[in-house]
Amino acid sequence: MGGAEWPYNSTARARGLVLLALGVVKVATAEQLRQLVLPGTADLQTARNACKDLRYAGLAESVGRTSSAGANGHRCGGTCGT
């Protein structure tokens, strides 16, 4: 896939780091992924877009929202989501 084919415009670096993390932890929220592999990014959307592009490529899948009280992030599974 070329750069123009990534509908959420995530960078190859962000996708690679998120995919690497998911290979280890299997399930994580977008915020947890941001803190783990993209700590320098202030915008949570960076991790979300990487998850969405990985899902688009068939490398991740959304497994729903977190259920803990007050959490509004989605849960990313060894596949991924947002």
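As the structure is a computational prediction, the values presented were derived from the model and not from experiment.
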- prompt: Among the clusters formed by ILVMFWY side chains lying less than 4.5 Å apart, do Leu36 and Leu22 turn up in the same one?
  reply: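 Linked, Leu36 and Leu22 end up in one cluster.
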
- Same apolar cluster: Leu59 and Tyr8, side chain cutoff 4.5 Å: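 Hydrophobic grouping puts Leu59 apart from Tyr8.
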
Checklist entry - Who passes side-chain contact (heavy atoms from CB on, under 4.5 Å) against Leu17, sequence neighbours left out? => result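 Listed in chain order: Arg13, Val37, Leu38.
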
Check your understanding: Residues in side-chain contact (heavy atoms from CB on, under 4.5 Å) with Gln45, at least two apart?
Key ->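 So Gln45 forms a side-chain contact (heavy atoms from CB on, under 4.5 Å) with Asp43, Arg48, Asn49, Lys52.
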
- [ ] Look up atom CG in Asn9 and atom CG in Asp53, then write down how far apart they are to the nearest 0.5 Å.
- [x]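 CG of Asp53 is found 7.0 Å from CG of Asn9.
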
Under 3.5 Å, side chain of Gln32 to main-chain N/O of Thr29, donor-acceptor pair present?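 Yes, the answer is positive, given that a donor and an acceptor are paired below the 3.5 Å cut-off.
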
Hey, does [Y] have a side-chain heavy atom less than 4.5 Å from the side chain of [X]?
X: Arg34; Y: Thr41; answer: yes
X: Arg15; Y: Trp6; answer: yes
X: Leu33; Y: Cys51; answer: yes

>> How close do Ala47 and Ala30 get, counting heavy atoms only, and between which atoms?
In response: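 Scanning both residues, the minimum pair turns out to be CB-O, 3.6 Å.
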
